[in-house]
2 protein chains.
Amino acid sequence: MPLSDRKIKILQAIINDYIATAEPVGSRTIAKKYDMGISSATIRNEMSDLEDMGLIYQPHASSGRIPSDLGYRLYVDKLMQKKELDESENQFLQSVVFQNINHIDYLMEETAKAISFLTKYTTIISEPVINRTILKQIRLLPLDDNSVLLVIATEENFIKNHIIHVSAPIPEEDLFVISGIINDILQGHSVDELDSETITELEEKLGIYKDFVPSLIHAVDATVKSAEKVQVHMSGTKNILAFPEFSDVQKAKDIFQTLEEKDVLVTLLGKSEEEEDGGLKIMIGTENNIQEMKDCSIITASYKMSETTRGSIGIIGPTRMDYSQVVSVLNTMVKNIENVLKSLSDNNKNP
Amino acid sequence: MPLSDRKIKILQAIINDYIATAEPVGSRTIAKKYDMGISSATIRNEMSDLEDMGLIYQPHASSGRIPSDLGYRLYVDKLMQKKELDESENQFLQSVVFQNINHIDYLMEETAKAISFLTKYTTIISEPVINRTILKQIRLLPLDDNSVLLVIATEENFIKNHIIHVSAPIPEEDLFVISGIINDILQGHSVDELDSETITELEEKLGIYKDFVPSLIHAVDATVKSAEKVQVHMSGTKNILAFPEFSDVQKAKDIFQTLEEKDVLVTLLGKSEEEEDGGLKIMIGTENNIQEMKDCSIITASYKMSETTRGSIGIIGPTRMDYSQVVSVLNTMVKNIENVLKSLSDNNKNP
DNA sequence: TGTTAGCACTCACAAGGGTAGAGTGCTAAT
DNA sequence: ATTAGCACTCTACCCTTGTGAGTGCTAACA
């Protein structure tokens, strides 16, 4: 059966109305509200066809229609029109990013908050992974007789600290020398190139401070390990309670439970990396393969830095979500974040 | 009316039962379950007295009794017996603290998680404030031509980083010299002693790098400001949904809403500082003065470091919470945290 | 042939009524 | 002082009924 223009119009009306009200949409509602010059009876016939095509369905006999996952898919792929964010929203998103330019983790946290504030959906976001990025600076600073501070900076100006405990005090000048040696060896290399060869080299060069190498390596390693762990920030989970589809406490609890499991989130966010065209990945309802989330849609986008994907943002809401808004918010925010990351790493390329 | 031993026993039975079941407790239930050698009729009479005293009440005529806030108060002040944590719980709590010894924010985050995991209640925790603590190390490190990394360490080995953007590159040796000058001036002082006099002194000493002072001061200031902001970590909010008293989505939403407001949390946590005896502050029901939380009890404890209160932990649950468990978990955790903080600051006192 | 009016039918939801069960308060007996 | 017994109350649950929204079908219409 061909999908006539009129059918499309009706489908669109059903989806719009359902997104707005969360109530099954009846033929009369459409006839009255959208005034498309045909009677409710005709709409009824068309709706019956749409149902045969699997685009809408009735939650129970003789009730209004609800878009099916397939219906939303069609809407998202073909019908949805881009929504432009208005100036104030744009500015809000931009200010959030630029106010936290110096601290990646705050930046991520605030970004998540901002997005969930704007969209009223739940937002998850993964921090850029510094693994495989190039080390720029490794410094040792004296803290006190028993501790030395290790400061690691990557090419992109991500800073990590680690306190190393030492048995005997190391004079400041020596620390300076040691820092120099370490820097010579590691600078310009990625943290995962730390092999036994490098370690031997380090031990040799450090001479009398050779004993210091193990704890140093351990510290670097621990720092790297903690950086390798994908950090995930989440915000706006409680918004879920506002949607009538989750007014059943049990359902809400199930979703919260699922969102609590980090692996699930990482998997979800990971999906967006499959997308080639720097585009978004939209998973509608059952498409996300997680039983508990079958009534949710998830839209993810990943942000890059120097051509490599660094992390992703995901927005989770009921299948009845405002796809066009979410898409534009995500696009805007990815652009903002990429700009910031770029400006961070550009600092050291300009003269 | 005097509070006979028998009345106390009955009150205790009611509270225990209600904490466990969340159902109003009837006289027959007590007669059967707690077998105290008297009939339900006698218990009924006693319960009637307890009600007159305001310790229990009926949610509706001819239903079982529920402890009133006053009843819980009596229980908490006089009747409650200390519960000892078992070995595994103790170890769990300890391991959480010692595994995150080097990163205060992870430590707080994980502590909150651990407590809410153990108790099933919501946990909030405020990070130690570094304001007013003594600066130990201030260093500038070269990052690249346009940025300098500011590293600030306090007496207690809390580390903060800040990237300063500079218009012209500053040679490494100069940075070293500048670091030395700054250190001379600020080392041993608290961050809030940074007055105009100190700034002038700095400007004079820095000579040709005088122009650098404003951005430096700004960076130090920003770092201090961000440290002054009381960081609050929260965990286990979704546990709230598990309690039958909040099975009404609206109620749950109200509480979430309230918990979202940071000021509220800070105020709540602040209360514990009023307590003199290093003890806990228990606020039962309406005692916390927050309308939305009238059905919640909040137990807070604050942890000290070198005699000063640094932060607090709070546990939020229904008034029908397991007070004795919460009290012992809190006591244990405060001790653990204080130990860690002590070991951090001890490092520089031992030779 | 597509469109519409009309009608019978279905279903969810709310309101009303009846019942069972848990619990109380009171009284009289022990 | 304690207890057994009884009348009473209130909630929770179930069942019934009525209403409104919405459908599908048929027959009439342009």
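Letters A, B, ... are given to chains in the order of the sequence lines, protein chains preceding strands, and every chain is numbered from 1.
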Item to check | Set of residues satisfying ring pair (Phe, Tyr, Trp, His ring centres under 6.0 Å) with respect to A:Phe243, sequence neighbours excluded | outcome: A:Tyr121
Next on the checklist: Can you pull out the residues from residues 56-63 of chain B that lie within a 4.0 Å heavy-atom distance of DNA chain D?
Outcome noted: B:His60, B:Ala61, B:Ser62
Next on the checklist: If we ignore hydrogens and angles and just use 3.5 Å, is the side chain of A:Ser126 paired with the main-chain N or O of A:Ser312 as donor and acceptor?
Outcome noted: yes
Next on the checklist: Given the ring of A:Phe117, does A:Lys120 sit roughly above its face, with NZ or CZ under 6.0 Å from the centre of the six-membered ring and within 45° of the axis?
Outcome noted: yes
Checklist entry - So which pairs with a foot in residues 59-73 of chain B pass side chain to side chain donor-acceptor pair (under 3.5 Å), sequence neighbours left out? => result B:Glu51-B:Arg65, B:Asp69-B:Thr286, B:Arg73-B:Asp77, B:Arg73-B:Glu287
Next on the checklist: How many whole angstroms separate atom CD1 of A:Ile66 from atom P of C:dA12?
Outcome noted: 12 Å
Checklist entry - For B:Asn45 and C:dC26, what is the distance between atoms CG and P respectively, to the nearest whole Å? => result 9 Å
Next on the checklist: Testing the basics here: between A:Ala13 and A:Tyr34, what is the closest heavy-atom pair and its distance to 0.1 Å?
Outcome noted: O-OH, 3.7 Å
Checklist entry - Considering only heavy atoms, which members of residues 13-27 of chain A lie under 4.0 Å from some atom of DNA chain C? => result none
Next on the checklist: Could you report the tightest heavy-atom contact between B:Ala114 and B:Leu93, atom names first, then the distance?
Outcome noted: CB-CD2, 4.3 Å
Using a cut-off of under 3.5 Å, enumerate the N/O to N/O pairs linking the protein to nucleotides 5-7 of chain C.
| residue | atom | partner | partner atom | Å |
| --- | --- | --- | --- | --- |
| C:dG6 | O6 | A:Arg44 | NH2 | 3.3 |

Next on the checklist: Whether the side chain of A:Thr332 engages the backbone of A:Ser328 through a donor-acceptor N/O pair (distance < 3.5 Å, no angle test) should be reported.
Outcome noted: yes
Next on the checklist: Based on the rotation axes of five pairs at each end, what angle does the helix from C:dT1-D:dA30 to C:dT30-D:dA1 bend through, to 10°?
Outcome noted: 20°
Item to check | Heavy atoms of other groups near B:Lys7 NZ, more than 12 under 6.0 Å | outcome: yes
Item to check | Identified side chain to side chain contact (heavy atoms under 4.5 Å, CB included) counterpart of A:Leu3 within the set A:Asp49, A:Leu11, A:Leu50 | outcome: A:Leu50
Checklist outcome for this item: note: A:Asp49, atom CG; D:dT23, atom C1'; distance rounded to Å ~ 14 Å
Next on the checklist: Strictly below 4.0 Å, N to O, side chains only: are A:Lys83 and A:Asp322 in salt-bridge contact?
Outcome noted: yes
Next on the checklist: Is there a side-chain contact between B:Arg65 and the phosphate of C:dT24, meaning an N or O under 4.0 Å from OP1 or OP2?
Outcome noted: yes
Checklist entry - Can you tell me if B:Thr29 uses its side chain to pair, donor with acceptor, with the backbone of B:Val25 under 3.5 Å? => result no
Next on the checklist: Distance check needed: C:dG23 P versus B:Glu51 CD, whole Å only.
Outcome noted: 15 Å
Next on the checklist: Whole angstroms only, please: what is the CD-P distance between A:Glu46 and D:dC25?
Outcome noted: 15 Å
Item to check | Interatomic distance where NZ belongs to B:Lys7 and P belongs to D:dT2 [whole Å] | outcome: 9 Å
Checklist outcome for this item: Residues A:Ser302 and A:Val334: closest non-hydrogen pair is O-CG1, 3.9 Å
Item to check | Pair B:Ile316-B:Met293, side-chain contact (heavy atoms from CB on, under 4.5 Å): steps then yes or no | outcome: CA-CA 9 Å; B:Ile316 302 172; B:Met293 310 260 287; 4.1 Å; yes
Checklist outcome for this item: note: A:Arg6, atom CZ; C:dG2, atom C1'; distance rounded to Å ~ 8 Å
Item to check | B:Asp52 CG to C:dG25 C1', straight-line distance once rounded to whole Å | outcome: 12 Å
Checklist outcome for this item: Checking A:Leu330, A:Val329, A:Ile299 against A:Thr119 for side chain to side chain contact (heavy atoms under 4.5 Å, CB included), the one that qualifies is A:Val329
